[in-house]
Undergrad: 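Can you keep this structure in mind? I'll have questions shortly.
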Amino acid sequence: MSKNYDGYIREHQLNVLRGFEWFFANYPLVVDFIAQSFLGKEGQPVSFEELDEVRNELIKKHDISKFSNREYDPYDRYFYGEVKDYETLGFFDYAWLSHIHNNPHHWQHWVLMQDDGKIKALDMPYPYAFEMVLDWWSFGWSKDNPKEIFSWYSDNKDKMILSEKTRELVEDLLHKIKSKI
């Protein structure tokens, strides 16, 4: 196990939590809606205890697959190893594929390659789109630059295959962030 990689994962999870708590402080109705969806209580009040449960589950489960045998060593070698050889790159590709298939907060999880070769973007459920934005935002928090997400999104949005509904959700969340920081 790599202390550097373990530290990175923990910092990343804490920065996702930081974004969650920022939304709770600035847009509690968004977080309440996320909690309702997460708990299957759409349109019903959520108690503080339930909200705390949702927050804890989100952080506990966020990127937990990175600790799996399939992902841990390839990620560690790719990001913290000294050699970037063909084998390392190949193992990382399979680890990344595993990661997006096991973590629905990645847009790639919702891209369907149809049998006729067409690519279809499925709508991401709101809680996953929210977690995806927190995931992106965490990297700016780690650099003490929470505004970095806006330039990152501008640089990368055309590379993403998102449904119209998902893109609207993402851009609404980004607008909410931008209007308060």
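None of the values given here were measured: they were computed from a predicted structure.
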Undergrad: Apply the side chain to side chain donor-acceptor pair (under 3.5 Å) test between Ser98 and each candidate in Arg70, Lys66, Glu71; give the one that qualifies.
TA: Glu71

Undergrad: Is the distance from the ring center of His106 to that of Tyr128 below 6.0 Å?
TA: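 Here the rings of Tyr128 and His106 have centres that are no less than 6.0 Å from each other.
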
Undergrad: With the threshold set at 4.0 Å, does a side-chain nitrogen-carboxylate oxygen contact exist between Asp6 and Lys3?
TA: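 No, Asp6 and Lys3 are not salt-bridged.
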
Undergrad: Report, one line per pair, each donor and acceptor closer than 3.5 Å where one atom sits in a side chain of residues 107-114; sequence neighbours left out.
TA:
unit_1, atom_1, unit_2, atom_2, d
His109, ND1, Ile100, O, 2.8
His109, ND1, His101, O, 3.4
Trp110, NE1, Pro104, O, 2.7

Undergrad: Leu17, Ile177: one ILVMFWY side-chain cluster at the under-4.5 Å cut-off?
TA: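 Same hydrophobic cluster.
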
Undergrad: When you measure from the side chain of Lys84 to the backbone N and O of Leu89, does any donor-acceptor pair fall under 3.5 Å?
TA: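 No, the answer is negative, given that no donor and acceptor are paired below the 3.5 Å cut-off.
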
Undergrad: Report yes or no: do Asp123 and Ser163 form a side-chain donor-acceptor pair below 3.5 Å?
TA: yes

Undergrad: Hey, does Tyr78 have a side-chain heavy atom less than 4.5 Å from the side chain of Phe91?
TA: no

Undergrad: Looking only at heavy atoms, which two atoms of Leu51 and Ala35 are closest? And how far apart?
TA: CD1-CB, 3.8 Å

Undergrad: Taking everything shown except Lys41 itself, do over 12 heavy atoms lie less than 6.0 Å from its NZ?
TA: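 Yes.
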
Undergrad: Please check if the side chain of Ser65 supplies one atom and the backbone of Ser68 the other of a donor-acceptor pair under 3.5 Å.
TA: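 Such a contact is absent between Ser65 side chain and Ser68 backbone.
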
Undergrad: Evaluate the side-chain hydrogen bond (donor to acceptor under 3.5 Å, both in side chains) criterion for residues Asn103 and His62: first the C-alpha distance (whole Å), next the side-chain angles of each, then the deciding distance (0.1 Å), finally the verdict.
TA: CA-CA 8 Å; Asn103 293 278; His62 183 82; over 6 Å; no

Undergrad: Please check if the side chain of Asn56 supplies one atom and the backbone of Asp52 the other of a donor-acceptor pair under 3.5 Å.
TA: yes

Undergrad: Compute the centroid of each ring, for Phe92 and then for Phe79, and state whether the two points are separated by less than 6.0 Å.
TA: yes

Undergrad: Please list, chain by chain and in numerical order, all residues satisfying ring pair (Phe, Tyr, Trp, His ring centres under 6.0 Å) with Tyr153, sequence neighbours excluded.
TA: Trp136

Undergrad: Transitively linked via ILVMFWY side-chain contacts under 4.5 Å: Met160 with Met124?
TA: yes

Undergrad: Please evaluate residues Leu173 and Tyr126 with respect to the criterion side chain to side chain contact (heavy atoms under 4.5 Å, CB included), reporting the C-alpha separation (whole Å), side-chain torsions for both, the decisive distance (0.1 Å), and the verdict.
TA: CA-CA 10 Å; Leu173 290 167; Tyr126 194 89; 3.4 Å; yes

Undergrad: Donor-acceptor check, side chain of Lys165 to backbone of Leu169, threshold 3.5 angstrom: yes or no?
TA: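 The answer is no, because no donor-acceptor pair under 3.5 Å joins these two groups.
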
Undergrad: Indicate the atoms forming the closest heavy-atom contact of Pro146 with Ile181, along with that distance.
TA: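 For Pro146 versus Ile181, the nearest heavy atoms are O-CD1, 3.9 Å.
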
Undergrad: So, taking the atom named NE2 in His12 and the one named CZ in Phe139, what distance separates them when rounded to the nearest 0.5 Å?
TA: 4.5 Å

Undergrad: Looking just at side-chain N and O atoms, do Asp85 and Thr88 make a donor-acceptor pair shorter than 3.5 Å?
TA: yes

Undergrad: List the atom pairs, with distances to 0.1 Å, where a side-chain N or O of residues 22-29 and a protein N or O form a donor-acceptor pair under 3.5 Å, not counting sequence neighbours.
TA:
unit_1, atom_1, unit_2, atom_2, d
Asn26, ND2, Trp22, O, 2.8
Tyr27, OH, Lys176, O, 3.0
Tyr27, OH, Ser179, OG, 2.9

Undergrad: Taking all heavy atoms of Leu134 and all of Gly19, pick out the closest pair and write down the distance.
TA: CD2-C, 3.5 Å

Undergrad: Apply the test salt bridge (charged side-chain N to carboxylate O under 4.0 Å, His left out) to residues Arg167 and Glu164: give CA-CA distance (whole Å), side-chain angles for both, the deciding distance (0.1 Å), then the verdict.
TA: CA-CA 5 Å; Arg167 191 169 301 279; Glu164 187 176 323; over 6 Å; no

Undergrad: To the closest 0.5 Å, what do you measure between CZ (Phe20) and CD (Glu131)?
TA: 10.0 Å

Undergrad: Where the side chain of Ser154 meets the backbone of Ser151, is there a donor-acceptor pair that is under 3.5 Å apart?
TA: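 No.
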
Undergrad: Which pair of heavy atoms, one from Ile149 and one from Val133, lies closest together, and at what distance?
TA: CD1-O, 3.8 Å

